[in-house]
Each structure stands twice: as C-alpha cells, then as structure tokens.
2 protein chains.
Amino acid sequence: MPKNDQKDLLDLDSFLPYRLAVIAARVSKSMSALYAAKFGISIAEWRVIAHLARSERVSVRDIHARVNLDKVKVSRAVSRLEEAGLVLKANNAADNRLLDITLSEQGWSVYRQIVPLASGFEADLLSVLDDAERAALERIFEKLHSRLDDDPAAPRRSPPEG
Amino acid sequence: MPKNDQKDLLDLDSFLPYRLAVIAARVSKSMSALYAAKFGISIAEWRVIAHLARSERVSVRDIHARVNLDKVKVSRAVSRLEEAGLVLKANNAADNRLLDITLSEQGWSVYRQIVPLASGFEADLLSVLDDAERAALERIFEKLHSRLDDDPAAPRRSPPEG
DNA sequence: CCATGATCGTTACAAATGAAATGATTGTCA
DNA sequence: TGACAATCATTTCATTTGTAACGATCATGG
C-alpha cells in the first residue's frame with residue numbers, strides 16, 4: 001500500500017522556487033569566483049562597490065534600500081571595505097546620523113578591473129539565449145516581481161534607481 | 001573630470017547574476033513562509049523531506065547529490081528532522097557507512113500537508129506567465145545550466161533523477 | 001589476507017548571519 | 001521650547017554556515 005498517490009508527489013526538480021534557487025546559486029558562485037580570489041571581495045562587498053560607483057556619497061540606508069542587503073550586512077561590508085582602503089566614510093554635514101560613503105581611488109581602481117570581468121561573464125551567459133528568450137526573461141522577471149509584490153511574506157523589492 | 005565613462009559603468013539592476021539572486025531570494029522566502037512557521041521547518045529540511053518522499057531509504061550522500069545541499073547541511077537537517085520525529089535513521093545492511101533515511105509516519109503527514117501549499121504557491125506564481133513564457137523559462141534554465149557546466153568555478157549540477 | 005587509500009557521516013572550530021538592543025541624532029507637535 | 005517618538009549605524013549575542021579534520025567502514029591490489 002503506497003504512502004502517496006502520484007498526484008500528491010511534488011517533484012523538486014521541476015519546482016520553480018527550487019530551480020530558481022539552484023540556478024541563482026550556481027551563477028552567483030561562478031560569478032563571484034572572478035573577483036573573490038583576486039580582490040578578496042565578497043558578494044555583498046561587490047554589490048556595495050557597484051552601487052557606490054553609480055551613486056556617490058550615499059548612506060548605509062541608501063545602499064540597503066537599493067541593493068537587497070539588510071542594514072547590518074551593508075554596515076559590515078562597508079566597514080570591511082574601509083579597512084581594505086576601498087571605501088571612505090565621512091559624516092553627512094546635513095544629518096549627523098548619516099554617513100557619506102564613497103569609493104576611494106583604490107576602490108575605483110578595483111571597480112574598473114571587475115567591471116569587464118563581470119560584463120564578460122554576463123555576456124557569456126546571455127550569449128546562449130536568443131533574442132526572444134532574453135525578452136521573455138525580462139518579462140518573466142517583471143511579472144514574478146509584480147506578483148510577489150502582492151505577497152506580504154516576500155521581502156520588499158528595491159525601489160527604482162533615483 | 002568624471003571618474004568613469006558611461007560605458008565603464010555596470011548597472012546592478014540589469015545585471016543577470018544580481019537579478020537571479022534577488023528573484024530567487026524573494027521566491028524562496030515567500031515560499032518558506034508557508035511552512036516555516038506552521039511546521040518549524042527550514043528550507044534545507046523541506047528539500048530533504050521532498051527528496052525522501054520520492055526516494056525512500058536513501059543515504060546522506062544521496063540527498064546531498066540530488067538536492068543541492070552540501071553534505072554537512074544534509075547531515076544536520078536530517079538530525080534535526082530525526083529529533084522532530086519526521087525522519088528515521090537506520091544502518092544500511094549492505095554498507096555500514098551508509099544510513100537508510102526514511103520519512104516517519106509523521107514525516108509523511110507533514111509532507112502531505114505541505115505539498116498542496118507548495119503546489120498552490122507555485123501555481124500562483126506561474127499563473128502570471130503565458131505558455132510561451134513558461135516554455136521560454138524551461139529553455140533558459142536548461143541553456144544556462146549547460147553553459148555553467150563548462151565553468152569549473154560553478155558548483156556541479158545535480159545528476160538527473162534515477 | 002592485509003595494508004593502503006577511498007568513502008561515509010559527523011564533529012570542531014572559526015567565520016558569517018540575523019534579530020534585537022544600543023547610543024546618537026533628528027523630527028514632531030503640544 | 002522641550003518631551004517624545006522616529007531614524008541611522010553599530011554592536012551584541014545566539015544561531016547558522018562552511019572548511020577541514022576525524023573516526024569508522026569498505027574497496028582494492030599486492
């Protein structure tokens with residue numbers, strides 16, 4: 001007497017949350033290998049650097065809101081980057097609770113070295129997709145996000161760049 | 001004098017590894033909220049349960065190889081599940097290094113309760129995609145995985161079910 | 001046989017993580 | 001103005017995580 005009917009079985013291999021987690025983990029790990037060893041930078045630190053490169057003079061809260069990292073993780077990433085000399089912290093003149101975080105010259109240098117590696121990695125991945133699939137992927141991302149926006153259990157989506 | 005030309009900037013919001021990580025994290029968290037509170041089960045434990053449901057009497061190594069969790073994580077998840085009474089451990093008669101891990105009656109019961117929640121959650125997510133987009137997503141997953149298979153830095157893909 | 005190496009599951013230990021608390025600063029409104 | 005709540009960044013502390021090592025068992029080849 002079987003414990004389950006076939007219809008009650010759930011195939012993990014075809015289960016969307018699982019598949020997304022697996023592909024994201026593979027891509028992240030493969031990507032981070034490009035800079036982790038060479039520059040001693042974690043994924044969180046890379047996100048902070050990438051955000052600083054396009055928005056100079058931001059606070060921990062700004063980064064937190066824009067880069068899908070919780071406040072504590074950003075704070076620690078920034079501290080490590082400061083110790084490594086890649087980032088500068090200053091007090092915000094208008095509001096002393098805030099930090100003005102910026103890339104140092106060395107931070108910019110590391111960023112400029114990573115960008116071509118990252119872009120190349122992404123281009124390599126995307127090269128296997130045709131135009132229709134890339135367009136579909138765009139729509140899929142947007143549709144899934146918008147569906148998750150209705151779910152209070154889902155983490156909030158980052159606000160659009162400003 | 002700007003530090004960077006536009007062409008040297010990398011937009012994190014449109015960067016594939018980042019986007020995959022964000023959507024996967026949102027989906028996983030939203031999904032795990034369905035069973036985490038009610039059954040006190042983590043994502044790793046859910047994966048173990050889901051695998052045991054379709055492959056009774058497996059070892060830690062089997063689960064590790066099939067469910068994208070490292071050996072230690074599986075070992076700990078199984079131990080927690082055993083303490084919770086959802087899983088049974090026995091020695092493999094043919095090889096005493098191996099464990100025969102199975103779902104207990106209570107484990108099956110929890111599984112049967114989670115499956116409709118998980119299937120419903122997935123169906124709800126997929127409902128926003130049309131047939132073409134779902135088909136595209138299938139191809140995208142397969143193409144990205146097959147590209148990553150060439151990258152020694154990427155974690156290995158799980159072998160097909162058998 | 002039996003010595004050597006490989007495999008399995010667990011443990012040890014350091015590092016990373018997350019939730020809540022903290023201290024410092026600012027906004028609010030009575 | 002001044003009490004009180006809110007916000008920012010950090011710290012604290014318990015838990016989780018990953019790497020490496022470990023003991024136990026098995027496979028292999030001499």
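By convention in this document, chain letters (A, B, ...) are assigned in the order of the sequence lines, proteins followed by strands, and residues within each chain are numbered from 1.
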> Hey, does the side chain of Lys143(B) reach the backbone of Leu129(A) with a donor-acceptor pair shorter than 3.5 angstrom?
Replying inline: no

> When you look at Glu142(A) and Arg157(A), which way does the salt bridge (Lys or Arg N to Asp or Glu O under 4.0 Å) test go after all the steps?
Replying inline: CA-CA 11 Å; Glu142(A) 180 48 40; Arg157(A) 175 156 45 156; 3.2 Å; yes

>> I need a per-nucleotide contact map over nucleotides 16-28 of chain C, read 5' to 3'. Cutoff is protein heavy atoms under 4.0 Å; write B for the base, S for backbone only, - otherwise.
In response: -BBBB----BS--

> Rounded to whole angstroms, how far apart are CG on Leu99(A) and C1' on dT10(D)?
Replying inline: 10 Å

> To the nearest Å, how far apart are Asp100(A) CG and dC8(D) P?
Replying inline: 14 Å

>> Arg61(A): which residues meet the side chain to side chain contact (heavy atoms under 4.5 Å, CB included) condition with it, sequence neighbours left out?
In response: Ser59(A), His64(A), Ala65(A)

>> Under the rule for side chain to side chain contact (heavy atoms under 4.5 Å, CB included), what residues qualify as partners of Arg156(B), not counting sequence neighbours?
In response: Arg26(A), Ala154(B)

>> Rounded to whole Å, how long is the line connecting atom CG of Leu69(A) with atom P of dA9(D)?
In response: 14 Å

> Nearest of dC8(D), dT10(C), dT10(D) to any side-chain atom of Lys89(A)?
Replying inline: dT10(D)

> With a 4.0 Å cut-off on heavy atoms, is Ser59(B) in touch with a base, just the backbone sugar-phosphate, or nothing at all?
Replying inline: sugar-phosphate

> Just how large is the angle between the end axes of the helix from dC1(C)-dG30(D) to dA30(C)-dT1(D), five pairs per end, to 10 degrees?
Replying inline: 10°

>> Using the ring pair (Phe, Tyr, Trp, His ring centres under 6.0 Å) definition, which of the options Tyr35(A), Phe121(A), Phe39(A) pairs with Trp46(A)?
In response: Tyr35(A)

> Should Leu125(B) and Leu148(A) count as side-chain neighbours, where that means a heavy-atom distance under 4.5 Å?
Replying inline: yes

> Does anything in residues 67-76 of chain A pair up under salt bridge (charged side-chain N to carboxylate O under 4.0 Å, His left out), and if so which pairs, sequence neighbours excluded?
Replying inline: none

Donor-acceptor pairs under 3.5 Å, side chain of residues 82-91 of chain B to any protein atom, not counting sequence neighbours: which ones?
| unit_1 | atom_1 | unit_2 | atom_2 | d |
| --- | --- | --- | --- | --- |
| Lys89(B) | NZ | Ser79(B) | OG | 3.4 |

>> Tell me the interatomic distance from Asp62(A), atom CG, to dA9(D), atom C1', rounded to whole angstroms.
In response: 13 Å

>> Can you see if the side chain of Ser75(A) gets near the phosphate of dT10(D) - specifically, an N or O under 4.0 Å from OP1 or OP2?
In response: yes

>> Testing the basics here: between Glu122(A) and Phe15(B), what is the closest heavy-atom pair and its distance to 0.1 Å?
In response: OE2-CA, 3.4 Å

>> From NE2 of His64(A) over to C1' of dA9(D), roughly how many Å is that when rounded to an integer?
In response: 12 Å

